[in-house]
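Heads up: the structure comes next, in C-alpha cells.
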Amino acid sequence: MKFRTLAWFVGPSVVMMLLFIAFPLASVFLQSFQITQPVVETVEVETCTPGFLGQTCVTETKTTPVLDDNGNPLTTTEWVGLLSYARVLQLEQVGSAIASGAWNSILAIDFWKALRFTLTFTLVTLPLVIGLGLAIALAVNNAARSIRGQIIFVSLLPFIITPVIGALSIRWLFYGDGIITALMEDMFATDISVAANGWAIELLMMFYRVWHVAPFAFVIFYAGLQTVNQDTLESAIIDGASRFERLRYVVVPHLMPLIIFVALIHLMDAYRAFEEVVGFSSQAHRITLQWLTYDLLTPDDAGNRAISRASASAMLTMIGIVILLIPLLRRTWRDHKGSAH
C-alpha cells in the first residue's frame with residue numbers, strides 16, 4: 001500500500017518534469033524550421049523642400065511594416081525546413097573553401113569560428129580542471145587539521161565569486177594598464193596590448209575557467225577521498241608501493257565515478273560558455289556557440305531578430321553537447337552493468 005501511494009505521488013511528478021523540459025525544447029526545435037517575418041508594403045512617399053516658388057519635391061519608394069488595428073506590426077510565419085540550419089552552417093561557403101584549399105576562410109564564418117573555440121575551450125580546460133581539483137583535494141587531505149579549514153575556505157573563493165565579476169577581475173589585471181600588464185611592460189621594456197591579441201584573450205579565458213571551476217572539482221574529490229579504504233592503502237604501503245603508485249592504482253580507480261561525474265558537468269557547462277565572452281569583451285576575436293545564439297536573438301537596427309537561425313544554432317549546440325557526452329555516458333553504463341553483474 002505504501003509503495004502504491006509513493007508511486008501515485010512520484011509518477012505525476014516525473015511526468016510534469018519531463019513535460020517541463022520537453023515543451024521549451026520542442027518550441028525551439030519547431031522555431032528552427034520556421035521563419036517569422038513582418039508583413040511589409042511598398043508605398044511612395046513625396047518629400048518637398050520648404051518654400052513656394054523654389055519648392056522641389058522628390059518621390060521615394062519606401063518599405064514600411066503593415067500595422068494592425070492596435071498599431072502593432074503584422075507578422076507571417078513560413079515553414080522553411082532546413083533553410084535556417086543551412087544559413088547558420090553556410091555549407092556552400094565551406095565547400096568552396098575546401099575546394100580552393102583556403103581552410104582559414106572557414107573560420108571566418110561565425111558558426112565554425114564559434115565551434116572551433118568552443119571545442120578547444122572545453123577540451124583543453126577539462127583535464128586542467130580535473131587535475132587541479134584532484135591536486136588541491138590531495139593537498140588538503142594531507143594537510144594538518146589545524147589549517148585544513150582555512151585552506152578549504154581559500155580554495156572555494158573562486159567558485160563563490162559571481163562568474164562575470166570573476167572574469168572582469170582577471171580582465172582588469174591584464175587589459176589596458178592592468179597590474180600584470182604594467183609589470184610585464186616594465187620587465188620587457190615594450191608595449192603589450194593583450195586585448196588586441198586573440199590567442200592571448202583565449203588563454204586568459206581558459207585560465208579563468210580553470211580558476212573558477214577547479215574548486216567545484218576539489219569539493220567532489222575531497223569528499224571522495226574520505227571514503228577511500230584505508231586498509232587497502234596500508235596494504236599498498238606494506239607492499240612497497242610509492243605515493244604515486246598508491247595514487248594511480250588505489251585512489252584514482254576509487255575516484256573514477258566522481259571523475260566521470262565532474263567531466264560530465266564540466267563538458268555541459270563549458271560547451272555553453274557565455275560569461276567569458278562578456279567578461280573579456282572577446283566578440284571581435286573569440287566567440288562561443290552560446291554567444292552566437294544570443295547575438296542572433298539581439299534585435300538589429302530595424303528591431304528584427306533572427307529567431308529561426310538562433311533556434312537552429314541552439315539545436316546545433318545541444319547536438320554538440322550530446323556528442324561530447326556519449327563516450328562518458330557509455331563508460332558509465334558499462335561500469336553500471338559490470339557492478340550489477
Side-chain angles (χ1 to χ4, degrees), residues 104 106-137 139 154-219 262-263 265-296 298 313 317 320-321 324:
N104 290 334
I106 298 178
L107 297 181
I109 302 173
D110 287 340
F111 176 81
W112 299 104
K113 178 170 64 174
L115 179 63
R116 197 285 306 170
F117 172 71
T118 303
L119 285 175
T120 304
F121 179 81
T122 302
L123 298 179
V124 170
T125 56
L126 174 62
L128 296 176
V129 165
I130 292 177
L132 183 59
L134 181 58
I136 298 174
V154 173
S155 301
L156 290 178
L157 282 178
F159 190 65
I160 298 173
I161 298 175
T162 305
V164 174
I165 300 301
L168 289 174
S169 300
I170 294 179
R171 170 185 172 175
W172 291 331
L173 292 175
F174 292 90
Y175 279 30
D177 296 329
I179 298 175
I180 296 181
T181 301
L183 291 175
M184 293 174 64
E185 288 178 344
D186 292 340
M187 185 181 301
F188 298 105
T190 184
D191 293 333
I192 299 175
S193 180
V194 175
N197 191 320
W199 289 104
I201 296 175
E202 185 167 337
L203 291 175
L204 279 180
M205 295 167 75
M206 292 181 182
F207 171 77
Y208 160 73
R209 171 63 64 157
V210 175
W211 173 79
H212 177 65
V213 180
F216 168 75
F218 150 65
V219 171
V262 171
I265 298 298
H266 180 75
L267 285 176
M268 290 187 290
D269 191 42
Y271 200 83
R272 296 179 292 105
F274 180 80
E275 296 89 354
E276 287 82 358
V277 179
V278 176
F280 290 93
S281 300
S282 66
Q283 296 91 328
H285 301 282
R286 299 293 188 269
I287 60 174
T288 63
L289 291 172
Q290 192 81 342
W291 188 90
L292 176 62
T293 303
Y294 165 78
D295 186 54
L296 292 171
T298 303
S313 175
T317 303
I321 294 176
L324 284 179

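If you're wondering where the values come from, they're calculated on a predicted model, not measured in any experiment.
Taking the side-chain hydrogen bond (donor to acceptor under 3.5 Å, both in side chains) definition, one finds that Arg209 meets it with Asp269, Glu276, sequence neighbours left out. Taking Thr293 as the reference, Ser313 meet the side-chain hydrogen bond (donor to acceptor under 3.5 Å, both in side chains) condition, with sequence neighbours excluded.
When each of Ile201, Ile170, Thr181 is checked for a side-chain contact (heavy atoms from CB on, under 4.5 Å) with Tyr175, only Ile201 meets the rule.
Put simply, the side chain of Leu132 reaches to within 4.5 Å of the side chain of Val210, judged on heavy atoms. Side-chain contact between Phe117 and Met205 is present, with at least one heavy-atom pair separated by less than 4.5 Å. Gln290 places none of its side-chain heavy atoms less than 4.5 Å from the side chain of Val277. Side-chain contact between Met206 and Leu128 is absent, with no heavy-atom pair separated by less than 4.5 Å. Inter-residue side-chain proximity for Thr317 and Tyr271 is flagged as met; some heavy-atom pair is nearer than 4.5 Å.
Interatomic distance, CG of Leu183 versus CG of Leu173, reported as 10.0 Å (0.5 Å rounding). Summarising the geometry, atom CZ belonging to Arg272 is positioned 5.5 Å from atom CD1 belonging to Ile321; distances are rounded to the nearest 0.5 Å. Atom CG in Leu203 sits 8.5 Å away from atom CG in Asn197 (nearest 0.5 Å). If you take CD1 on Ile130 and CG on Leu126, they are separated by 4.5 Å, rounding to the nearest 0.5 Å. Note that the CD1 atom of Ile136 and the CG atom of Leu156 stand 9.0 Å from one another [nearest 0.5 Å]. Atom OH of Tyr294 is separated from atom CD of Gln283 by 9.0 Å, given to the nearest 0.5 angstrom.
The two residues Pro158 and Pro215 have their closest heavy-atom pair at CB-CG, 4.0 Å. Across Val213 and His266, no two heavy atoms sit closer than the pair CG1-ND1, 4.0 Å. Closest heavy-atom contact between Leu267 and Thr122: CD2-CG2, 3.4 Å. The two residues Thr118 and Leu289 have their closest heavy-atom pair at OG1-N, 3.2 Å.
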Practice item. Could you walk me through whether Phe121 and Thr288 pass the side chain to side chain contact (heavy atoms under 4.5 Å, CB included) test, one step at a time? Key: CA-CA 9 Å; Phe121 179 81; Thr288 63; 5.8 Å; no
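Sparse packing is recorded around CG of Asn104, with 12 or fewer heavy atoms of other residues, nucleotides or ligands lying under 6.0 Å away. The environment of Phe216 atom CZ is dense: over 12 non-hydrogen atoms of other residues, nucleotides or ligands sit within 6.0 angstrom. Under a cut-off of 6.0 angstrom, the local environment of CD1 in Ile179 is sparse, with at most 12 non-hydrogen atoms contributed by other residues, nucleotides or ligands.
Judged purely by atom type and a 3.5 angstrom limit, Arg171 uses its side chain to pair as donor or acceptor with the backbone of Gly279.
Every pair passing ring pair (Phe, Tyr, Trp, His ring centres under 6.0 Å) that includes a residue from residues 192-212 is listed here, sequence neighbours excluded: Phe159-His212, Tyr208-His212.
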